[in-house]
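Here is the structure we will look at.
Reminder, nothing fancy here: chain letters follow the sequence lines and each chain counts from 1.
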Amino acid sequence: MTFRALLDEIRQVVSAGLTGLGYPQESFDLSEPPRPEFGDVSSNVAFQIGKKLNRKPYDVARDFVENHLKPILGDGERGTQRSLIFSVEAHPGGYINFRANYENLAAMTLNQALENPSYGFHNVGNGTRVVIEHTSVNPNKALHVGHLRNVILGDTIYRILKTTNHNVTVLNYVDDSGLQVADIVVAFKFAGFPLEPAEKSMKFDHYCGDHVYVKINELYKTDPGLEERRRLVLKELEHDTSELARFASTIVSRVLHEQLMTCWKMKVHYDLLNFESQIVISKLWEKSFNWLKDKQIVHLAPEGKNKGCWVIKGESESADEKVIVRSDHTITYIAKDIPYAAWKLGLVQDPFYYYKFSDQWDNTSLWATTLDSSKSSKGHPKFGSADRAITIIDSRQSRLQSIISGILSQFQLIENRYHHLAYEPVTLSSKTADLLGVDIGEKHSMHMSGRKGVYVNADYVIEMAQSKAYEEVRSRNPTFSEEQLCKVAEAISISAIRYNLVKYDLDKIINFDIVESLNLEGDTGPYVQYAYARSQRLLEKSTEEISQLSFCLLNKGPETMLIKAIAKLDLVVEEAARTLKPKSIARYVHMMATAFNLFYETVPVLKEPDRVKRVTRLALVVAFCRTLKNAFYLLGIEPLNEM
RNA sequence: GGGCCCGUAGUGUAGCCAGGAUAUCGCGGCGGUCUUCGGAACCGCAGGUCGAGGGAUCGAAGCCCUCCGGGCCCGCCA
């Protein structure tokens, strides 16, 4: 909060100065200068004024500072009046540079961080209801690393929005009646695949994905009868009363449980499972279709290649129209997404009952939709009908998603309630492809394919990371018990994976390399955890009571850097919540860890002979811990006392 | 043919939305800290026509246009 207060104060002072100049409306930016000699905050206001007056920025700045800002600030006297501004000066470059009053900044920052357990979590949501859909992996296979990016992004955004006072529910959409489930049903029922893997220890989702799904897709090429079977199965899956549909649902349920095990291992939280079959059976589509017709969003194509189909117009004049209902009256893939999106935003009446599906790792309940009123349980949270819906799907679905959001905004005439959060996919590096036995020639990456069996399973990555972490922990902590080793190794592997998947911009492809992903040094999860563990050791070794602090003693470079870093958490979180860019939290955490490591290496704490200095530094360490811990929560990283 | 995204040292990346002061942080390389508050660390050095060209601007990695290179999407499939 404190850096925000500093910015606010500077903004006020500059505005007041502008009023003196007769420029009440002049816009200006505050930013952090690139070098410490330039102070803590800079304003470009002199450039703006200079442009209007056709004067050199430096001349304007000098005049503005001497005649309008300094009189307001009162020549540094403000230092005694709880001001956060220490000084202001005009730089020959044209910037007006402010220096912070470090004593007041330190006092305010540390007091806030020490007193408030949820330090840094700023109310930006005002209780806005948001649904986030992520994961949504077809229930016929295990998650691979590409899915994992989706899951981790979704969960991080959930954590960011939740802590900034949004009322968030997390949805996982289960396509239990789609082609991919039909594939494995065909394999089990009509191609003689055994229902259990030969290897007993193999997870059922791995068995279905790695073996059954890949092999049945190969069989289609040689046995056309099987593809015909698939068509029939697919139709039958939409009727929950048939024996085949019941069989499919047991398979789906088993795979789904295994998928959730993977996600829960990564400390991911869900609130509700939505099943596609129920959306179909509940006639949610028919209701949505009716209003699409009423609002004339869809129309029956009278002629042309889409004759007899219900279509919507393309997004632009040149774009093709999109078929929603085929001439045989069946609905297309995109049509199935419309009622779901409408349900999320409460545009259709909720046809579902809800029952408790499972308990979760974080002592919350995971709910699921049902159409059977007798299964319904009471006490569930309110689902659907949110103010905003955020759907996390990779960028290859952008076109379809933009069609859906276009339809919804036509329906409600309210923009921006449906938001597709797109991210670029994860590819495999040439080395990793090589490890899988795939030759990709001169290319440096390749796309994964579930159908072809070319991917790296999430569980495999987690396991590799864990065993690597285990060895590292053991070599550094010979006295740890087996239980401690496992617990710590798990926490490290989770942070390594999660950090690695959120730290990149959403529109950058992640070229996944199994070896590099196991790195525990540099810009990684374990690095930031290490800084935390170091700080905990300092606190553990000290028995002194933290009182009678003297903040003016925190005047060394690394100390003020650390204080400034602590003071910025809420600004960073607010920005991340506004822009839905989780990577900024990762960058912040890294900056904090780096700032602490420098402090730790250069400023003695326990060894400091002066008691007041020592205790005040300890207070800084405590504040650092609190702040980093809160930021860790957003990333799903566990703060470790030892590692 | 139409649309979306990316291009920043050997390599990966930040900064781009809201233009301004010596372009960020990793990995890799080289050198140092190495009787320590835990080396998963810290410090230093080398390494850059910010894909190319043009435009508007006093000023561009950033804004606009064109082009080049790479990836993705465009079915009565899902």
Legend entry - Base versus backbone protein contacts along nucleotides 68-78 of chain B [heavy-atom cut-off under 4.0 Å; B, S, -]: ---SSBS-BSB

Hey, does [X] reach any base, or is it just sugar-phosphate, or nothing, if we go heavy atoms under 4.0 Å?
{"X": "A/Thr427", "value": "nothing"}
{"X": "A/Met591", "value": "nothing"}
{"X": "A/Val488", "value": "nothing"}
{"X": "A/Gly93", "value": "nothing"}
{"X": "A/Val515", "value": "nothing"}

Legend entry - A/Pro33 or A/Arg537, whichever maps to the more 5' nucleotide of RNA chain B: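 Result of the comparison: A/Pro33.
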
Inset, instruction - Please figure out whether A/Ala593 or A/Asn477 has its closest RNA chain B nucleotide nearer the 5' end. - result: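 Going by which nucleotide is closer to the 5' end, it is A/Asn477.
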
When you measure from the side chain of [X] to the backbone N and O of [Y], does any donor-acceptor pair fall under 3.5 Å?
{"X": "A/Arg617", "Y": "A/Pro604", "result": "yes"}
{"X": "A/Glu642", "Y": "A/Phe480", "result": "no"}
{"X": "A/Asp175", "Y": "A/Gly178", "result": "yes"}
{"X": "A/Ser475", "Y": "A/Glu472", "result": "yes"}

Taking the same atom, [atom1], in [N] and in [M], what whole-Å distance lies between them?
{"N": "B/C17", "M": "B/C6", "atom1": "P", "result": "13 Å"}
{"N": "B/A9", "M": "B/U24", "atom1": "C1'", "result": "13 Å"}
{"N": "B/A21", "M": "B/U13", "atom1": "C1'", "result": "24 Å"}
{"N": "B/C42", "M": "B/C25", "atom1": "C1'", "result": "16 Å"}
{"N": "B/C65", "M": "B/C5", "atom1": "P", "result": "12 Å"}
{"N": "B/G15", "M": "B/G51", "atom1": "P", "result": "15 Å"}
{"N": "B/G2", "M": "B/U49", "atom1": "P", "result": "33 Å"}
{"N": "B/G1", "M": "B/C58", "atom1": "P", "result": "39 Å"}

Gap between atoms [atom1] and [atom2], on [X] and [N] respectively (whole Å):
{"X": "A/Glu540", "N": "B/G38", "atom1": "CD", "atom2": "P", "result": "9 Å"}
{"X": "A/Asn597", "N": "B/G26", "atom1": "CG", "atom2": "P", "result": "11 Å"}
{"X": "A/Ile510", "N": "B/U11", "atom1": "CD1", "atom2": "C1'", "result": "16 Å"}
{"X": "A/Ile403", "N": "B/G3", "atom1": "CD1", "atom2": "P", "result": "15 Å"}
{"X": "A/Lys541", "N": "B/G38", "atom1": "NZ", "atom2": "P", "result": "3 Å"}
{"X": "A/Gln401", "N": "B/C5", "atom1": "CD", "atom2": "P", "result": "16 Å"}
{"X": "A/Glu516", "N": "B/G26", "atom1": "CD", "atom2": "C1'", "result": "11 Å"}
{"X": "A/Leu520", "N": "B/G26", "atom1": "CG", "atom2": "C1'", "result": "14 Å"}

Legend entry - Centroid distance under 5.5 Å and plane angle under 30°, A/Phe38 vs B/A21: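 The ring of A/Phe38 is stacked on B/A21.
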
Would you list the atom pairs, donor with acceptor, under 3.5 Å between side chains in residues 488-498 of chain A and any protein atom, with sequence neighbours excluded?
residue, atom, partner, partner atom, Å
A/Ser493, OG, A/Ala489, O, 3.3
A/Ser493, OG, A/Glu490, O, 2.8
A/Ser495, OG, A/Ile492, O, 3.2
A/Ser495, OG, A/Gln529, OE1, 2.7
A/Arg498, NE, A/Leu635, O, 2.8
A/Arg498, NH1, A/Asp155, OD2, 3.1
A/Arg498, NH1, A/Met266, O, 2.7
A/Arg498, NH1, A/Lys267, O, 3.3
A/Arg498, NH2, A/Asp155, OD2, 2.9

Legend entry - A/Thr156 and A/Ile585, any side-chain heavy atoms less than 4.5 Å apart: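 A/Ile585 vs A/Thr156: side chains apart.
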
Legend entry - Close side-chain approach of A/Asn511 and A/His444, heavy atoms under 4.5 Å: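 Side chain of A/Asn511 against side chain of A/His444, heavy atoms only: contact under 4.5 Å found.
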
Legend entry - Side chains of A/Tyr499 and A/Asp523, donor plus acceptor under 3.5 Å: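 Result is yes, a qualifying pair exists.
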
Legend entry - Side-chain H-bond candidate by donor/acceptor type, A/Tyr220 with A/Asp183, under 3.5 Å: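 Yes, because at least one side-chain N or O of A/Tyr220 sits under 3.5 Å from a partner of the opposite role on A/Asp183.
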
Are [X] and [Y] close enough for a salt bridge, meaning some N to O gap below 4.0 Å?
{"X": "A/Lys581", "Y": "A/Glu575", "result": "no"}
{"X": "A/Lys556", "Y": "A/Glu559", "result": "no"}
{"X": "A/Arg62", "Y": "A/Asp59", "result": "yes"}
{"X": "A/Lys568", "Y": "A/Glu32", "result": "yes"}
{"X": "A/Glu424", "Y": "A/Arg396", "result": "no"}

Inset, instruction - For RNA chain B, determine which residues of residues 489-501 of chain A have any heavy atom closer than 4.0 angstrom to one of its atoms, and list them numerically. - result: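 Residues of residues 489-501 of chain A under 4.0 Å from RNA chain B: A/Ile492.
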
Legend entry - Donor-acceptor pair (no angle test) under 3.5 Å: A/Asn97 side chain, B/A21 base: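 Indeed, a donor on one side and an acceptor on the other fall under 3.5 Å apart.
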
Legend entry - Pairing pattern in dot-bracket form [Watson-Crick, G-U; both distances under 3.5 Å; | = partner strand] for RNA chain B: (((((((..(((.......[....))).(((((.......))))).....(((((..]....))))))))))))....

Legend entry - Within the 6.0 Å centroid threshold, strictly below: A/Tyr340 and A/Tyr173: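 Aromatic pair counts; centres sit under 6.0 Å.
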
Inset, instruction - Please name all residues satisfying side-chain hydrogen bond (donor to acceptor under 3.5 Å, both in side chains) with A/Asp434, sequence neighbours left out, ordered by chain then number. - result: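 A/Asp434 satisfies side-chain hydrogen bond (donor to acceptor under 3.5 Å, both in side chains) with no other residue.
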
Legend entry - A/Tyr527 side-chain N/O to B/C42 phosphate OP1/OP2 under 4.0 Å: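 The answer is yes; a side-chain N or O of A/Tyr527 sits under 4.0 Å from OP1 or OP2.
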
Could I get a table of every N or O pair under 3.5 Å where one atom is in the protein and the other is in nucleotides 14-18 of chain B?
residue, atom, partner, partner atom, Å
B/A14, OP1, A/Asp505, N, 3.0
B/A14, OP2, A/Lys508, NZ, 2.4
B/A14, O4', A/Arg587, NH1, 3.4
B/A14, O2', A/Arg587, NE, 3.3
B/G15, OP1, A/Lys583, NZ, 3.3
B/G15, OP2, A/Lys583, NZ, 3.3
B/A18, O2', A/Asp29, OD2, 2.9
B/A18, N6, A/Arg578, NH2, 3.4

